[in-house]
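Naming convention: chains lettered A, B, ... in sequence-line order (proteins, then strands); numbering from 1 in each chain. Since this is a predicted model, take the numbers as computed values, not measurements.
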Amino acid sequence: MSGRGKSQSVRAKSPEPAHAKNPVRAKSARQPPKEPVKDTKKETQQITDESKPKKTKEFKQPKLTTEEKAPVPHKCVEVKTGSRMVKKGHSVDSNPNKILFTTIDQLTIKKKHKSESASIVNDTVKRIMDHMKKCTECFKDVNALRTGSYYENLKISNPDEFDVMLTVPVERVDIRLFGDDGAFYSVAFKRGKHSLDRFLDEDNTISASGMLTEFRNEVKKCVKILKDVRLEKKKKGCPAVTLLINGTGTVPISLDIVLGLEVRSSWPPFTQGGIDKIDIWLGTKVKKEQKFKGYYLVPKYEGKGTVEREGVCARDAWRISFSHVEKSILTNHGSQKTCCEASGTRCCRKDCLKLLKHLLGLLKAENPSLSKFCSYHAKTTLLHACCSRTKDSDWEAAQLGLCFQQLLEDFEGHLKDGMLPNFFIPSHNLLSSGHDRKSCQLLARRIEEERNNGFPIFHKSVGTTSITSP
DNA sequence: TCGTGCTATTTTTG
DNA sequence: CAAAAATAGCACGA
């Protein structure tokens, strides 16, 4: 958003939020509400049922035709369905970009599959939320924050991984740095009583492991009677309670329920120089809005993985999380407000990320020594890239080939340097733990190889690949 | 079709 | 009784 508003307070947006955010939307006349809605569902149902058919038609008509007729700009026409036109010649063909468009097409989640998974997941989440609100004391105020690739429309291949953070608001807390790279913190109460007092350690900080254990028990309680759901074994240092759900004949769904503390205060000093880079890309106003939303802390152990570093004893702490901001800026990723909207120009930022995630998944499947790399590395690389190539015209949909090449070169650069700063905490190097120099170099070489040879690996398989989270 | 943000409306609260 | 919070319904975008 090119800073056009100069309003100081973010709250001041209330009078015209829709317009401010998206002028296009403002065009469509809003249907004035009809009859006041009655209490009972039955009555509501009847009213809608009677009046629905007519209205639906009115609204859909103009849309249908345009949607059906107009070719979606970013899809290559010849490649369109995958089922019809695509020849399975494994040679590198004349248009090297073709394989990219084809691959994107094949990574797209099928509507029916998505629908099935969504309903299963939503039922489960609703059940957990109800349980937390009604049957627990310390988790009764949780809110569900849907995050991760599925909810960012970046999930590829199968709708089989979902992330939901259940956030507990905390007030009057003292956030203290824990460790030296700015990613970990401990949380203490300033004064007064709080419903989380029972998790206090001897040093008056909230015990991450204690709270997570309790949280896990509550989740366990309420999914116990569900036959299709089972709990994955607790992994040390993992902030999520992972549920494995067997859908009807489909791939099992893994649903991460993450405990998070919601902190509504200004961001810690270690965030400086991180999100500030979006100024040129998205504007300072957007940055302010994001910062205003606060941040989250998820239970995570510090000091695990590498035992080499002496002196740092493994103690539990909270890791800072900006999942909500990631989601927000990825869904609203254009320098222009109309980027990727019907009336605007389509870009390929998200397609590039999907391809990178896919490539990484394939390379990992091929070589176990790359297991430490994860999709968050890919996402972070894209965020950095968006800050250096800030204009929407730098990411024209038709230039997918070039943009992807460039993004891969970026990634190779990070790997060769052994340095990929966390986008929000620049001093936190995502390649610092468990990524030895050798595996970084290896991955960089493999990517370069693919990039220079027309991505043979994309030709080989379109099988299901998924990248596990850190 | 799902997910989200927005508005109007109803319900609760001070 | 007014203000604030909760809820319902709708319109997009993906």
Rounded to whole Å, please give me the gap between [atom1] in [X] and [atom2] in [N].
{"X": "Lys155(A)", "N": "dT1(B)", "atom1": "NZ", "atom2": "C1'", "answer": "18 Å"}
{"X": "His333(A)", "N": "dA14(C)", "atom1": "NE2", "atom2": "C1'", "answer": "11 Å"}
{"X": "Asp105(A)", "N": "dA14(C)", "atom1": "CG", "atom2": "P", "answer": "17 Å"}
{"X": "Asp141(A)", "N": "dA6(C)", "atom1": "CG", "atom2": "C1'", "answer": "15 Å"}
{"X": "Glu341(A)", "N": "dA11(C)", "atom1": "CD", "atom2": "C1'", "answer": "13 Å"}
{"X": "Lys111(A)", "N": "dG13(C)", "atom1": "NZ", "atom2": "C1'", "answer": "14 Å"}
{"X": "Asn332(A)", "N": "dC12(C)", "atom1": "CG", "atom2": "C1'", "answer": "14 Å"}

Salt bridge (Lys or Arg N to Asp or Glu O under 4.0 Å) with Glu396(A): which residues, sequence neighbours excluded? none

Any residue meeting salt bridge (Lys or Arg N to Asp or Glu O under 4.0 Å) with Glu171(A), in chain and number order, not counting sequence neighbours: none

N/O-N/O pairs, protein side and nucleotides 2-4 of chain B side, under 3.5 Å:
residue: dG3(B); atom: OP2; partner: Asn122(A); partner atom: ND2; Å: 2.7
residue: dT4(B); atom: OP1; partner: Lys327(A); partner atom: NZ; Å: 2.7

Within the 6.0 Å centroid threshold, strictly below: Phe270(A) and Tyr185(A): no

Taking the basic N atoms (NZ, or NE/NH1/NH2) and the acidic carboxylate oxygens, is any pair closer than 4.0 Å for Asp163(A) and Lys327(A)? no

Are any of the side-chain nitrogens in Lys126(A) or Asp130(A) under 4.0 Å away from the carboxylate oxygens of its partner? yes

Side-chain H-bond candidate by donor/acceptor type, Ser254(A) with Glu232(A), under 3.5 Å: no

